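The structure appears below as structure tokens.
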Amino acid sequence: MADTLPAAKAEKIFAVKGMNDILPADSSRWEWFEQHVRELMSSYAYGSIRTPIVEHTQLFVKGTGETTDIVEKEMYSFEDRLNGEQLTLRPENTPGVVGAAIEHNLTYDGGKRLFYMGPMFRHERPQRGRYRQFYQLGAEALGFAGPELDVELMLMVWQLFQRLGLRDIRVELNSLGLPPERLAHKAALVSYFEQHADVLDADSQRRLRTNPLRILDTKNPAMQALVQGAPQLLSFLQEASLAHFETVTSLLTGCGVPWRINPRLVRGLDYYSHTVFEFITDELGAQGTLCGGGRYDGLFEMLGAKPTAAVGWGMGIERVLELMQVQGVQIPSPAPDAYAVIPDALALPVVMQTLLMLRTAGVTVQMHAGQHEGLGSMKSQFKRADTSGARFALVFGADELAQNMVTVKSLRDGSGAQVRQPLSDVLQWAPTLQSRA
Ligand code: ATP
Ligand code: MG
């Protein structure tokens, strides 16, 4: 068919709004971050978990909460055309992790400490630090009730930011106490807001009936004074809740983590109890919350399982990477150690065998490849070697090969120094090419 019909000009298809390609120039930063995360998680003995991206919509309606922004207006939900199931692209991973823990009875022999990294989906207005597909790193400790776990999780975040070389990140804390304490606070809150109903915006009017705690979360400047004067949850906490919170703050202080109480920190999600926290920067404009989390002892029950204590956090990876850029954090260069220059295709068998050995020895090496048939002139190959950022060129010229040698030419130190090395003894000189040799 393609032979006989004139080809119609194909329309270009671009990425969906709010969903981004991560190109090679950026992906080295992502990988550097991920590597730090893996080291950190293993140093805390957290194992990784990967749950499905598509889940039953009910998991989030129950697990995230019907009256949250996420469930009310941000979910990508759809009906499976083949069997009519109601499905959703995960907007967050905590319900998925807890769902998996319940389904596979992960906490049967004590607690489990887990982390995940992956894409989440929320239909929000895209802007700096806010996307429709974004990536979260998260950690969850399931089956542990003690306040020391709240602290362990916060320490991880603190230490990760330090290892990444980030500065000036605030830790804000609050306690949401236990359900009866929240109920008493809620009653006081509702009556307070009812007395000032004239100041409430439409969103808050609605929340007054659905989820009054969320009014404290408002970003509306006209309501700030009202919200400042609202009854505080902390003053409704009883002894046990206060003791939990007091242990959290004193352990944090003992570990050298500065913190401050933010009585308005209530977090958007329904499932929290006791400690809630956020890590915030002032250097990313309105999207300054890098990480948020807390204790959610009620979630297992809400998903139909027996009560199980749990605490965790989620972190927006794009925001963290952006802050690294804003603060000028340098990452190691992703450039290869060496670039193989191949004057004649006849050399390819020797070239490819040699590069195999070099890579086995831990050298990173990029082989020259032509854009069209043929390999191109030496001049153009050296130009490519230069733009690759490699510190050495390996020249597999006919002269060299006749002597079973390769020329190693220095590209970066300005000396242009070159030495011939024997192909029969690659492992001997391979370490001289490595930046960490
Ligand atoms: P925000 O108040 O900024 O909307 P949130 O309370 O909805 O955040 P969480 O559900 O707690 O966020 O998610 C944890 C972290 O994930 C946030 O602190 C943020 O760093 C990141 N995050 C949340 N939504 C987005 C998004 N749409 N794009 C990029 N990162 C996001
Ligand atoms: Mg949000």
Side-chain angles (χ1 to χ4, degrees), residues 15-20 22 26 30 33 37 59-60 63-65 67-76 88-98 115-140 153-154 156-158 160-161 164 166 169-174 176 203 207 211 213-220 262 264-272 275-296 299 310-326:
V16 176
K17 187 174 171 197
M19 305 199 178
N20 303 305
I22 298 165
D26 289 326
W30 283 76
F33 172 85
V37 167
L59 180 71
F60 304 110
T64 303
T67 59
T68 58
D69 278 353
I70 291 179
V71 173
E72 276 181 356
K73 49 192 184 200
E74 296 174 359
M75 294 205 302
Y76 283 91
T88 292
L89 300 186
R90 63 184 187 193
E92 57 147 343
N93 210 346
T94 300
V97 168
V98 170
F115 79 96
Y116 59 82
M117 276 192 275
M120 308 296 153
F121 303 82
R122 297 184 191 178
H123 196 105
E124 305 194 64
R125 192 170 67 78
Q127 53 198 291
R128 180 191 192 197
R130 194 176 293 288
Y131 310 101
R132 290 182 176 173
Q133 173 172 338
F134 65 100
Y135 287 77
Q136 274 187 354
L137 160 66
E140 320 281 359
L153 280 151
M154 295 174 71
M156 289 166 99
V157 180
W158 180 253
L160 178 63
F161 288 153
L164 295 174
L166 295 171
I169 295 170
R170 265 197 330 276
V171 184
E172 295 193 352
L173 283 182
N174 194 16
L176 303 184
D203 232 18
R207 283 181 176 153
N211 191 347
L213 204 60
R214 294 286 322 283
I215 301 177
L216 300 178
D217 234 0
T218 181
K219 291 179 176 120
N220 181 351
N262 175 356
R264 289 184 45 203
L265 180 61
V266 292
R267 308 272 312 133
L269 312 180
D270 269 1
Y271 48 56
Y272 289 110
T275 322
V276 288
F277 56 83
E278 286 188 351
F279 287 73
I280 304 166
T281 171
D282 291 327
E283 294 173 63
L284 293 180
Q287 272 62 251
T289 305
L290 299 165
C291 175
R295 182 162 277 287
Y296 53 94
L299 183 57
V311 49
W313 50 258
M315 179 186 295
I317 298 181
E318 286 87 350
R319 293 184 191 180
V320 174
L321 296 184
E322 173 142 11
L323 185 62
M324 277 169 54
Q325 277 199 310
V326 168

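Side chains included, hydrogens not; waters and symmetry mates left out as well; all remaining heavy atoms used. Predicted model, so just to flag it, every value in this text is computed and none were measured. Residues: numbered from 1 along the sequence shown. First listed ligand is number 1; within each ligand, the first listed atom is number 1.
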Practice task
Output the distance between atom CD (Glu278) and atom CD (Glu172), rounded to the nearest 0.5 Å.
Solution key: 7.0 Å
Practice task
Answer yes or no for Gln287: is there a heavy-atom contact with ligand 1 below 4.0 Å?
Solution key: no
Problem - Proximal ligand 1 atoms for Leu290, defined as those under 4.0 Å from one of its heavy atoms - result: 18 (O), 20 (O)
Completion exercise
Contacts of Glu318 meeting salt bridge (charged side-chain N to carboxylate O under 4.0 Å, His left out) (sequence neighbours excluded), chain-then-number -> none
Completion exercise
Logged contact type for Gln136 with ligand 1, heavy-atom cut-off 4.0 Å, is side chain
Problem - Contacts of Lys17 that satisfy side chain to side chain contact (heavy atoms under 4.5 Å, CB included) - sequence neighbours left out - result: Pro126, Arg132
Problem - Test item: Glu140 side-chain N/O and Gly138 main-chain N/O as donor-acceptor pair under 3.5 Å - result: no
Exercise for the section: Please could you name the atoms of ligand 1 that Lys219 approaches to less than 4.0 Å, counting only its heavy atoms? Expected result: 2 (O)
Completion exercise
Here the atoms of ligand 1 under 4.0 Å from any heavy atom belonging to Gly314 are 14 (C), 15 (C)
Practice task
Could you pull out, from Arg122, Arg132, Met315, Met120, the option with a heavy atom nearest to atom 9 (P) of ligand 1?
Solution key: Arg122
Handout entry: Rounded distance (nearest 0.5 Å) linking atom CD1 of Ile317 with atom CD1 of Ile22
Key = 8.5 Å
Problem - Test of proximity, Glu318 against ligand 1: N or O pairs below 3.5 Å - result: no
Practice task
Answer yes if the ring centres of Tyr135 and Trp30 are under 6.0 angstrom apart, and no otherwise.
Solution key: yes
